[in-house]
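Below is one structure, written out as structure tokens; comments come after it.
All ligand and atom numbering here is 1-based and tracks the order in the structure. For reference, positions follow the sequence shown, starting with 1. Just so we're clear, the structure is a prediction, and the values are computed from it rather than from any experiment.
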Amino acid sequence: MSIKLNDNYNNAKKSYLFSEIGRRVRTYREAHPDSNVISLGIGDVTLPLTPTVIAALHSATDEMSKKETFRGYAPEYGYDFARDAIVSHYAEYGVTLSPDEIFVSDGAKSDLGNIVEIFGDNEVLIPDPVYPVNYDSNVMSGRRISFINATKENNFLPMPDELPRRSMIIYMCSPNNPTGAVYSKEQLKKWVSFARETESVIIFDSAYEAYISGNYPHSIYEVDGAKSCAIEICSLSKTAGFTGVRFAWTVMPSELIINGVQLAQMWARRQATKFNGVSYIIQRAAAAALSPEGMAECRELVSYYMKNASILSSVLKEKGIWYTGGVSSPYLWLKCPDGYDSWSFFDYLLNNAEVVGTPGSGFGAQGEGYFRLTSFGSREATEEAASRLRRVL
Ligand code: PLP
């Protein structure tokens, strides 16, 4: 008799969405060795780290070279200077947090995937379409999943009005990946009051908050009462170009208590056991990115990518292709033209324009017939992609 495996993995799709995209692109390149494929698919940044961050990386590296300033294991939940920098960042949005409510990590992806562990067998409410990690990690741990549809009719911002009044773990992401939709404060208030009324917990992903322009909340804690019902997960990946550097955090407010248990304590216990902290050098870089000079540079990165978004938007407008996003979000979410489904439109663009995007159906059933483009390419690649799209659409 052999050992038992986690059979829940049988219920997960055979490959992660971006692995399948990578496979199709590799196959195309092998068949077309002279091709020049432009990727507007996976949401990876292209601009280098900013000067303030680079200076911090160098100086922290130098500290590691001297006996007096060398550091070993970092504190599991983050160095005080990094947690303080995050607290100051929230203060700019009028949100008051205490450093011990912040848990630094190597990525929002890890935290979103791992958070499942501290909950028991609850109903999990996931928007469709969704960032695949949220769905897959719940499938892999055998959770009961319900969907709430994000559709053109509700502007891709589903609301709780029609939901049954029962406790759930609710995943939310604003600005949204993949749809680019952003919740207003009024809308978030309704979600918070639903969660409080039903004793649900919201897991709020604010990884794209730096892209917000206008009067939208950057954090769910801008809504009164959210601290007693919401966990927030954020990242410097898209704010500061840290996709390869790796730095994120989870906020577990002290008021978040379920059946007398403070979730922050459970998360602290989990992290202390299974995570050994983010390296000193990277935490110095993160604190530098979050400093006033660092944030000014980050705003330049964001505006560069948002200019790309407007270059891509103008093609879609010109061609009369319905889309949303591209404002307060680096993603454009478009309706595939001419009745294409998501994967056939992917193949059409790959074969005819050598432009790679992400099929909407990879984010959930409601994404079928939609397609996501990112504005994280270089200006040159984005302009070239725009002119190819103009030609083939
Ligand atoms: N959350 C969302 C919605 C994302 O789109 C991404 C990355 O694409 C992440 C989290 C992961 O961020 P990180 O690079 O910090 O793991």
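Contact check on Glu101 versus Lys227 returns no salt bridge, with no Lys/Arg side-chain nitrogen under 4.0 Å from an Asp/Glu carboxylate oxygen. Using a 4.0 Å cut-off between charged nitrogen and carboxylate oxygen, Glu197 and Arg165 count as a salt-bridge pair. Between Glu384 and Arg388, at least one side-chain N (NZ, or NE/NH1/NH2) sits under 4.0 Å from a carboxylate O, which counts as a salt bridge. A salt bridge does not link Glu186 to Lys190: none of the charged nitrogens lies less than 4.0 Å from a carboxylate oxygen. Between Asp347 and Arg24 there is a salt bridge, since a side-chain N of the basic residue sits under 4.0 Å from a carboxylate O of the acidic one. Under the 4.0 Å criterion applied to side-chain N and carboxylate O atoms, Lys13 and Asp136 are not assigned as salt-bridge partners.
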(request) Decide yes or no on side-chain hydrogen bond (donor to acceptor under 3.5 Å, both in side chains) for Tyr171 and Tyr131, but give the supporting numbers first. (result) CA-CA 10 Å; Tyr171 282 81; Tyr131 175 55; over 6 Å; no

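For ligand 1 and Cys173, the ligand atoms under 4.0 Å from any heavy atom of the residue are 3 (C). Heavy-atom contacts of Asn177 reach the following atoms of ligand 1: 3 (C), 4 (C), 5 (O) (cutoff under 4.0 Å). Near Arg246, meaning under 4.0 Å from one of its heavy atoms, ligand 1 places the atoms 13 (P), 14 (O), 15 (O), 16 (O). Interface atoms of ligand 1 facing Gly107, defined by a heavy-atom separation under 4.0 Å, are 15 (O), 16 (O).
By the 3.5 Å distance cut-off applied to N or O atoms, Lys109 is counted among the residues near ligand 1. Note: an N/O pair closer than 3.5 Å links Lys238 and ligand 1 by distance alone. Where the criterion is an N or O separation shorter than 3.5 Å, residue side chain and backbone included, Tyr331 fails it with respect to ligand 1. Residue Gly43 has no N or O atom closer than 3.5 Å to an N or O atom of ligand 1.
Counting heavy atoms from C-beta on, the side chains of Tyr221 and Pro253 come closer than 4.5 Å. With a 4.5 Å cut-off on side-chain heavy atoms, Val245 and Leu236 do not count as touching.
Only the side chain of Tyr208 comes within contact range of ligand 1, with a heavy atom under 4.0 Å; no backbone atom does.
Residue, atom and distance of the protein heavy atom nearest to atom 12 (O) of ligand 1 are Ala108 CB, 3.7 Å. Nearest to atom 1 (N) of ligand 1 among the protein's heavy atoms is Asp205 OD2, 2.6 Å. When hydrogens are left out, the protein atom nearest atom 14 (O) of ligand 1 is Ser237 OG, 2.6 Å; that is the closest non-hydrogen contact. Of the protein's heavy atoms, Tyr131 OH, 3.3 Å lies nearest to atom 11 (C) of ligand 1.
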